[in-house]
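Shown next, in structure tokens, is the structure this report addresses.
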Number of protein chains: 2
Amino acid sequence: MLASQRRSRILEEIRRTGAVRVSALVERLGVSDMTIRRDLEVLAQEGELRKVHGGAVLPGGRSTEEPGFAAKSNRQNAEKQAIAAEALRMVEPGMAVGMSGGTTTWTFARLLRDVPDITVVTNSVQVADLFSREPRSDQTVVLTGGIRTPSEALVGPFAVSAIRSVNLDIMFMGVHGMDLRNGFTTPNLVEAETDRAFVEASRRFVVLADHTKYGVLGISTIAPLDAADVLITDSGLVEEHRASLRERVGELVLVEAAGGEQSDEPGSSRA
Amino acid sequence: MLASQRRSRILEEIRRTGAVRVSALVERLGVSDMTIRRDLEVLAQEGELRKVHGGAVLPGGRSTEEPGFAAKSNRQNAEKQAIAAEALRMVEPGMAVGMSGGTTTWTFARLLRDVPDITVVTNSVQVADLFSREPRSDQTVVLTGGIRTPSEALVGPFAVSAIRSVNLDIMFMGVHGMDLRNGFTTPNLVEAETDRAFVEASRRFVVLADHTKYGVLGISTIAPLDAADVLITDSGLVEEHRASLRERVGELVLVEAAGGEQSDEPGSSRA
DNA sequence: GGAAAGGATCGCACATTATCGCACCCGAAT
DNA sequence: ATTCGGGTGCGATAATGTGCGATCCTTTCC
């Protein structure tokens with residue numbers, strides 16, 4: 001059995017019963033306890049479950065934990081993980097990193113916690129929450145001020161003013177839609193304003209967007225496509241769209257969504 | 001059964017009935033009384049419940065509202081409730097209200113949610129959380145930016161700059177200590193800075209502090225006693241201290257803590 | 001084509017830590 | 001004063017994580 005299959009089984013089990021114990025999984029899946037523990041570690045890192053003594057439970061506990069709840073955040077989760085992993089390669093110790101809100105950046109923020117000596121500026125309460133859960137003395141997390149939107153982002157003049165006063169080495173932004181004519185868009189007018197401020201405040205502007213965002217149109221434009229220095233998306237994007245984007249954005253990075261929920265092809269040679 | 005499952009069951013039970021007994025849980029969950037006690041201890045530490053003789057009851061208000069910082073918030077809870085109720089009388093619809101962090105202001109914020117048409121400016125993530133749980137279109141809640149302290153307050157230049165740019169009708173502040181010589185103090189240097197900015201930004205400065213704060217000295221002074229237009233405290237304060245304070249602060253308001261220890265009645269004392 | 005190098009995954013042994021129940025004594029309520 | 005619940009100390013048991021070696025698959029080189 002493949003590791004990703006095994007992990008799917010674990011998720012299936014925990015979603016059905018609400019909790020799993022290591023010893024039960026050892027018996028059921030026929031692997032050692034260490035393997036199970038490592039699986040749980042990985043799944044916990046992805047936010048799919050929460051490790052507890054003796055096993056794991058669903059993460060549903062804290063309301064501020066996961067943005068938008070499971071329905072939304074699990075969509076394209078494998079893609080988001082892969083995108084986040086790729087984005088992580090662009091961050092180096094000592095950097096000043098900006099992050100907007102959204103589930104993709106939230107996934108990315110989970111990985112970012114392990115990077116030493118960085119300064120994070122964000123207008124997302126959830127992202128700030130992630131870092132403040134286990135504070136590290138070598139990391140500084142700045143939450144911009146402002147008024148909360150339903151998606152828990154801070155917007156408005158306070159946010160804009162705070163963002164304008166910083167200089168970021170790199171800015172990571174999740175968007176709701178990307179389109180040739182309208183660029184990167186969001187359904188929230190005031191969020192677009194803060195997002196624009198973020199773009200202006202950063203030396204390097206990186207957009208994180210899975211392939212389903214292509215062609216989606218939010219009411220407000222954050223920036224044209226060519227404003228992005230890098231766009232990281234996944235290989236689910238069809239060739240035609242890849243070409244379009246490649247012409248416009250600074251650099252287009254495609255990542256392979258590793259070990260999705262179901263899409264495993266054992267022994268297939270690389271294309 | 002996993003320990004965390006067991007604790008979930010306990011919470012479920014207590015939220016359904018309002019109270020649990022140790023003996024009942026022993027039977028229902030099939031573990032020893034000591035295990036139950038230890039569970040209750042953990043949950044009480046998290047602020048999910050309050051231990052009483054024979055079992056546990058729900059803490060002050062809705063337990064789901066209480067964030068993780070609640071271990072300390074139950075101390076002097078009755079006093080805080082009474083102080084908060086008194087402070088509420090000073091707020092009128094249409095006002096711009098400032099609030100610092102701390103458990104006393106948090107208690108106050110819960111009452112403030114019912115006041116129509118107000119603007120709240122706070123550097124406390126928890127206070128902002130309270131309002132964003134059920135957003136009202138006639139209320140605006142501004143979170144100042146900044147870096148999080150362990151007590152979940154936002155501090156630093158971003159916070160100060162945001163606070164300086166607003167004008168508040170009234171400012172409510174919880175303090176860590178009050179002392180004749182050193183005035184209102186806090187153990188956190190940078191928090192004092194934002195607190196001072198709050199004082200300067202407001203027309204009317206109200207301090208909320210239960211009687212145990214008297215004589216306590218934090219490392220950093222926020223303001224001298226006479227900077228307070230109003231000081232609301234409880235009648236646990238001895239006469240000698242009352243007199244001292246009355247000389248210095250603009251107005252000293254003493255409230256009676258209802259019911260001594262118990263305070264888990266939703267429809268609380270005054271209107 | 002095949003062998004060697006590289007990388008990832010998994011299992012085992014070990015030291016460490018957390019959990020639980022029991023016995024015992026203390027404190028609170030009636 | 002008596003009874004019931006509460007807390008502390010201890011030992012037994014289970015769970016955890018780290019380091020290491022074995023195995024499998026992929027890649028690379030000849």
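Being a predicted model, the structure only gives us computed values, none of them experimental. So you know, we letter chains A, B, ... as the sequences are listed, proteins then strands, and number each from 1.
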Open item on the list: Which residue is it: Asp210(B), Thr107(B), Thr105(B), Thr103(B)? I am looking for the one with a side chain to side chain donor-acceptor pair (under 3.5 Å) to Lys80(B).
Closed with: Thr103(B)
Open item on the list: Strictly distance-based, threshold 3.5 Å: is any side-chain N or O of Ser124(B) a donor or acceptor partner for the main-chain N or O of Gly101(B)?
Closed with: no
Open item on the list: I need the CG-C1' distance between Asp39(B) and dT19(C), as an integer number of Å.
Closed with: 10 Å
Throw together a table of side-chain donor-acceptor distances under 3.5 angstrom for residues 202-209 of chain A, partners on residues two or more places apart or in other chains.
from	atom 1	to	atom 2	distance (Å)
Ser202(A)	OG	Phe198(A)	O	3.3
Ser202(A)	OG	Val199(A)	O	3.1
Arg203(A)	NH2	Asp169(A)	OD1	3.4

Task: Flag side-chain contact, heavy atom, 4.5 Å: Arg248(A) against Met178(A) - done: no
Open item on the list: At less than 4.0 Å, is any side-chain N or O atom of Ser32(B) found next to OP1 or OP2 of dG21(C)? Yes or no.
Closed with: yes
- [ ] Measure from CZ on Arg6(A) to P on dT9(C) and round the result to the nearest Å.
- [x] 10 Å
- [ ] Taking the side chain as every heavy atom from C-beta outward, state whether Leu245(B) and Leu237(B) have any pair of such atoms under 4.5 Å apart.
- [x] yes
Task: Protein-to-nucleotide contact annotation, 5' to 3' order, nucleotides 7-19 of chain D [B base; S sugar-phosphate only; - none; under 4.0 Å, heavy atom] - done: BB------SBBB-
